[in-house]
Enquirer: 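This is the structure I have questions about; it appears just below.
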2 protein chains.
Amino acid sequence: MSEAPAATGRQEQERSRVTRQRLMEAAISALSELGWAGATMTVIAERAGVSRGACQHHFPTRGDLVAAAVEYVGHQQMEELGRRAARLPADQRRTESILHMLAGFYTHPLFVAAVQLWVAASTDEELRSQLVPVETKVGREVHRLTVSLLGVDEREPGVRELVQATLDLVRGLGLANLLRDDSARRKKILHRWALTLEDALRPRSGRKAED
Amino acid sequence: MSEAPAATGRQEQERSRVTRQRLMEAAISALSELGWAGATMTVIAERAGVSRGACQHHFPTRGDLVAAAVEYVGHQQMEELGRRAARLPADQRRTESILHMLAGFYTHPLFVAAVQLWVAASTDEELRSQLVPVETKVGREVHRLTVSLLGVDEREPGVRELVQATLDLVRGLGLANLLRDDSARRKKILHRWALTLEDALRPRSGRKAED
């Protein structure tokens, strides 16, 4: 056997990977800018510079495309967050820096696209069944990363709920940023949350019994 | 002058008020169930049992109708919250009860409708300009009510931000409830946040300097 077919196979695989990636990125940008109604397959394919036929070859339905896109872009964002976190200094402002990074995740176009999708899915059962597993997976990944960044132990009582509350807070802040630039208000809230969280996450010994 | 025209005038006013109210309530239920794309003026008028012409007489555009509806239903919800709050016992679980009431506000169909609107407005400038003032007004009203329910003093450092964080948290919890019943997780988070918030809101004297 000559090596040509294998090389061509690899090239095709690589082309296919690049096409999928372009489509997924175009899906997120189209969704965040145009909403579910505006981000049709035709619009997404055009933005990605891919023919409508090639688009449907990779993703039979728009639900397939957006579910894959949320998972792919979500995972990429997580990796970027992990890299940036590795460079964070272990100083007094560490908790606040982590919160700012998380808030950055939930004000990114990916989050705007995700909210567009959740809202569309809340009245569309098929889309919901495609999104819920992806959203659960991305949510777990963010949770795990946050626990590891904060360096806390979830077996301690209340720690898990405080991490969840922190993530629900930054999601709420992302929502508040949807209609306007909310960054000044957000900065003050995160400063106070960081102080409160540090205080609440301190090892329980020496604190009053609470439950 | 006889009294008949005045009486008729009053009757007309009352009819007009009832019609507006029906339309606003139908707008919220249609939005939360069908989304922005599905909740057309025709659908809303039909749900309210009002002719399309009468609907447009009261609200020239759909933007006018939904902005009025969010303000009206938001205000009604606030009043209901105030009434329920007045019956809350002043016991140890008061903070947690307040948080549950607020979370109830942000998992109500009004909130689902509001998220549908925010998302639609994020890609529609005209709708955004109609919604932002209403949303600011409702937001201020909820904030004021929360401060009064918690019985805290916003002049104390950090108190304002903790109240804001609490409201952003419950909005985030509302978002998490959009795709699934999240009540079991929410209950645990609110329990923990109630304890943390009480601790953080205790008068500063005797606590370490923080800022």
Side-chain angles (χ1 to χ4, degrees), chain A residues 31-39 106 112 115-124 128 131-132 135-136 139 157-176 178-180 182 185-186 188-193 195-201 207-208 210-211, chain B residues 31-39 106 112 115-124 128 131-132 135-136 139 157-162 164-180 182 185-186 188-193 195-201 207-208 210-211:
Chain A
L31 267 169
S32 66
E33 289 163 30
L34 309 172
W36 177 249
Y106 288 108
V112 180
V115 175
Q116 295 275 4
L117 286 175
W118 293 340
V119 161
S122 74
T123 59
D124 179 336
R128 186 160 64 235
L131 278 182
V132 166
E135 200 247 326
T136 306
V159 168
R160 182 174 173 74
E161 288 74 22
L162 283 168
V163 171
Q164 288 174 322
T166 299
L167 292 172
D168 283 297
L169 166 70
V170 286
R171 271 189 283 260
L173 290 171
L175 196 59
L178 213 57
L179 293 190
R180 57 169 72 111
D182 191 43
R185 193 185 74 98
R186 183 166 67 240
K188 287 188 212 164
I189 293 175
L190 291 180
H191 173 68
R192 179 55 51 185
W193 189 272
L195 295 170
T196 309
L197 189 62
E198 275 168 6
D199 198 37
L201 287 174
R207 292 169 57 97
K208 67 180 171 64
E210 282 174 337
D211 296 270
Chain B
L31 266 168
S32 67
E33 288 163 30
L34 309 171
W36 178 248
Y106 288 109
V112 180
V115 175
Q116 295 275 3
L117 286 176
W118 293 339
V119 161
S122 75
T123 59
D124 179 335
R128 188 161 60 235
L131 277 184
V132 166
E135 200 248 324
T136 305
V159 168
R160 182 172 173 73
E161 288 74 22
L162 282 169
Q164 288 175 322
T166 299
L167 292 172
D168 284 297
L169 166 66
V170 286
R171 270 190 284 261
L173 290 170
L175 197 58
N177 203 59
L178 213 57
L179 293 190
R180 57 170 74 112
D182 190 42
R185 194 186 71 100
R186 183 165 68 239
K188 288 189 211 164
I189 294 175
L190 291 179
H191 172 69
R192 179 53 50 183
W193 181 242
L195 295 170
T196 309
L197 186 62
E198 275 168 7
D199 199 37
L201 286 174
R207 292 169 58 96
K208 69 178 169 67
E210 281 175 340
D211 296 273

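Proteins get letters first, then strands, A, B, ... in listed order; numbering begins at 1 in each.
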Enquirer: Looking only at non-hydrogen atoms, find the nearest pair between A:Leu169 and B:Ala165 and report the distance.
Expert: CD1-O, 3.4 Å
Enquirer: Check B:Val112, B:Val115, B:Leu117 against A:Val119 for a side-chain contact (heavy atoms from CB on, under 4.5 Å) and give me the one that passes.
Expert: B:Val115
Enquirer: Could I get the full list of salt bridge (Lys or Arg N to Asp or Glu O under 4.0 Å) partners for B:Arg160, not counting sequence neighbours?
Expert: B:Glu154
Enquirer: Enter the distance from A:Leu173:CG to B:Leu167:CG here, rounded to the nearest 0.5 Å.
Expert: 11.0 Å
Enquirer: Is it the backbone or the side chain of A:Leu179 that comes under 4.5 Å from a heavy atom of chain B, or both, or neither?
Expert: both
Enquirer: Between NZ of B:Lys188 and CD of A:Gln164, what distance do you get to the nearest 0.5 Å?
Expert: 7.5 Å
Enquirer: To the nearest 0.5 Å, how far apart are CZ in B:Arg185 and CD in A:Glu161?
Expert: 10.0 Å
Enquirer: Given that the side chain runs from C-beta out, which part of B:Thr166 has a heavy atom under 4.5 Å from chain A: side chain, backbone, both or neither?
Expert: neither
Enquirer: Go through the atoms of B:Ala176 and report whether side chain, backbone, both or neither lie under 4.5 Å from a heavy atom of chain A.
Expert: side chain
Enquirer: Rounded to the nearest 0.5 Å, what separation is found between the CG atom of B:Leu162 and the CD1 atom of A:Ile189?
Expert: 9.5 Å
Enquirer: At a 4.5 Å cut-off on heavy atoms, which part of A:Gln116 comes close to chain B: side chain, backbone, both, or neither?
Expert: both
Enquirer: Can you say whether B:Trp193 sits under 4.5 Å from chain A via the side chain, the backbone, both, or neither, judging by heavy atoms?
Expert: side chain
Enquirer: Where on B:Leu34 is there a heavy atom nearer than 4.5 Å to chain A: the side chain, the backbone, both, or neither?
Expert: backbone
Enquirer: Run the salt bridge (Lys or Arg N to Asp or Glu O under 4.0 Å) test against A:Glu135 and tell me which residues pass, sequence neighbours left out.
Expert: B:Arg180
Enquirer: State the CG-CG distance between B:Leu131 and A:Leu178, to the nearest 0.5 angstrom.
Expert: 11.0 Å
Enquirer: So which atom in B:Thr123 and which in A:Ser32 form the shortest heavy-atom distance, rounded to 0.1 Å?
Expert: CG2-O, 4.1 Å
Enquirer: Return the CZ to CG distance between B:Arg171 and A:Leu175, rounded to the nearest 0.5 Å.
Expert: 7.5 Å
